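Just below is one structure, and these are the notes that go with it.
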Amino acid sequence: MWNKLYNAAKVVQNDRSISPFIDAGGVAAAILTKQGNIYVGVCIDTASTLGMCAERNAIANMITHGESRIDKVVAVMPDGKVGAPCGACREFMMQLDRNSGDIEILLDYETKRTVRLKDLLPEWWGTYRFRED
């Protein structure tokens with residue numbers, strides 16, 4: 001599945017200038033949902049810092065299509081290697097679902113080394129709010 005996700009991200013990754021203020025596609029991401037669907041997104045970098053990371057773009061695509069539970073995430077960097085989501089993306093993913101800590105993130109494409117989101121955000125501040133349901 002990691003190869004499929006990596007390739008889906010590479011298809012949309014296309015580093016380009018949209019305008020003198022906006023660049024897009026340096027980083028691309030693909031997510032696999034619990035329902036088995038793949039959604040992709042690219043980073044959008046703006047001069048005013050109002051941009052969006054590739055992971056959050058893919059998640060927005062997922063939510064637009066009526067889903068909210070992620071199984072796997074891969075982010076492809078400009079050099080073709082994969083990397084961990086930034087802090088904002090980690091936080092966004094954690095807030096999606098009480099089980100988001102189990103999201104599997106690819107850290108190394110060659111070795112297929114992964115990590116769970118909860119390992120990147122130990123002692124997450126919002127856990128108690130899911131317990132109130």
Side-chain angles (χ1 to χ4, degrees):
M1 181 52 69
W2 290 119
N3 291 338
K4 190 172 184 176
L5 289 171
Y6 180 89
N7 290 331
K10 287 295 287 178
V11 165
V12 297
Q13 187 176 33
N14 174 19
D15 196 5
R16 59 206 178 267
S17 288
I18 305 298
S19 77
F21 308 99
I22 300 175
D23 293 324
V27 175
I31 58 177
L32 175 69
T33 67
K34 294 290 188 178
Q35 291 182 347
N37 295 309
I38 295 173
Y39 296 97
V40 295
V42 298
C43 66
I44 302 169
D45 297 312
T46 70
S48 60
T49 69
L50 295 175
M52 179 184 294
C53 294
E55 297 92 328
R56 282 182 281 148
N57 193 337
I59 293 166
N61 190 8
M62 171 190 72
I63 290 171
T64 298
H65 286 87
E67 294 189 65
S68 62
R69 297 181 64 228
I70 300 171
D71 187 42
K72 299 181 185 321
V73 175
V74 62
V76 180
M77 303 299 135
D79 64 2
K81 295 184 182 199
V82 300
C86 73
C89 290
R90 294 174 194 190
E91 180 65 31
F92 190 65
M93 287 188 283
M94 281 298 280
Q95 292 184 27
L96 285 171
D97 179 68
R98 73 170 54 252
N99 298 312
S100 288
D102 292 328
I103 294 171
E104 191 175 14
I105 300 165
L106 185 65
L107 294 180
D108 187 307
Y109 183 68
E110 298 300 320
T111 66
K112 302 299 188 273
R113 184 170 64 94
T114 64
V115 66
R116 299 278 178 195
L117 181 57
K118 63 186 170 190
D119 296 325
L120 296 177
L121 286 173
E123 304 299 323
W124 182 61
W125 67 271
T127 302
Y128 78 95
R129 291 178 76 176
F130 279 122
R131 290 187 188 138
E132 292 176 357
D133 292 353

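Bear in mind the structure is a predicted one, so any value in this text is a computation, not a measurement.
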Please tell me if the side chains of [X] and [Y] come closer than 4.5 Å, counting only heavy atoms from C-beta onward.
X     : Y      : result
Val27 : Pro78  : yes
Ile38 : Lys4   : yes
Glu91 : Trp125 : yes

Testing the basics here: between [X] and [Y], what is the closest heavy-atom pair and its distance to 0.1 Å?
X      : Y      : value
Ala54  : Gly41  : CB-O, 3.6 Å
Lys112 : Tyr109 : NZ-O, 2.6 Å
Asn99  : Arg69  : ND2-NH2, 4.4 Å
Met1   : Leu32  : CG-CD2, 3.8 Å
Gly26  : Cys43  : N-SG, 3.5 Å
Ala9   : Ala28  : O-CB, 3.2 Å

For the backbone of [Y] and the side chain of [X], can you confirm whether one donor and one acceptor N or O come within less than 3.5 Å of each other?
X     : Y     : value
Arg90 : Pro85 : yes
Ser68 : Leu96 : no
Asn14 : Gly25 : no
Gln35 : Glu67 : no
Gln13 : Met77 : yes

Starting from [Y], can I reach [X] by hopping between I/L/V/M/F/W/Y residues whose side chains sit under 4.5 Å apart?
X      : Y      : answer
Val42  : Ile70  : no
Trp124 : Ile103 : yes
Val76  : Val73  : no

Run Val40 and Val11 through side chain to side chain contact (heavy atoms under 4.5 Å, CB included) and show every step you take.
CA-CA 9 Å; Val40 295; Val11 165; over 6 Å; no

Measuring from [X]:[atom1] to [Y]:[atom2], what's the distance to the nearest 0.5 Å?
X      : Y      : atom1 : atom2 : value
Glu123 : Leu121 : CD    : CG    : 11.0 Å
Ser17  : Asp45  : OG    : CG    : 10.5 Å
Met94  : Thr127 : CE    : OG1   : 5.5 Å
Ile44  : Ile18  : CD1   : CD1   : 7.5 Å
Thr114 : Asp119 : OG1   : CG    : 9.5 Å
Cys89  : Arg56  : SG    : CZ    : 4.5 Å

Test side chain to side chain contact (heavy atoms under 4.5 Å, CB included) applied to Arg113 and Ile105, Leu106, Leu107, Val82, the passing residue:
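Checked Ile105, Leu106, Leu107, Val82 against Arg113; only one passes side chain to side chain contact (heavy atoms under 4.5 Å, CB included): Leu107.
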
Assess whether side chain to side chain contact (heavy atoms under 4.5 Å, CB included) is satisfied between Trp2 and Glu104, documenting all intermediate values.
CA-CA 11 Å; Trp2 290 119; Glu104 191 175 14; 3.7 Å; yes

Start with the C-alpha distance between Leu120 and Met93, add both sets of side-chain angles, then the distance that settles side chain to side chain contact (heavy atoms under 4.5 Å, CB included), and finish with yes or no.
CA-CA 11 Å; Leu120 296 177; Met93 287 188 283; over 6 Å; no

Assess the residue pair Phe92 and Glu55 against the criterion (side chain to side chain contact (heavy atoms under 4.5 Å, CB included)); give the C-alpha distance rounded to whole Å, side-chain angles, the decisive distance to 0.1 Å, and a yes or no.
CA-CA 10 Å; Phe92 190 65; Glu55 297 92 328; over 6 Å; no

Starting from the C-alpha separation in whole Å, work towards a yes-or-no answer on salt bridge (Lys or Arg N to Asp or Glu O under 4.0 Å) for Asp102 and Arg116.
CA-CA 5 Å; Asp102 292 328; Arg116 299 278 178 195; 5.3 Å; no

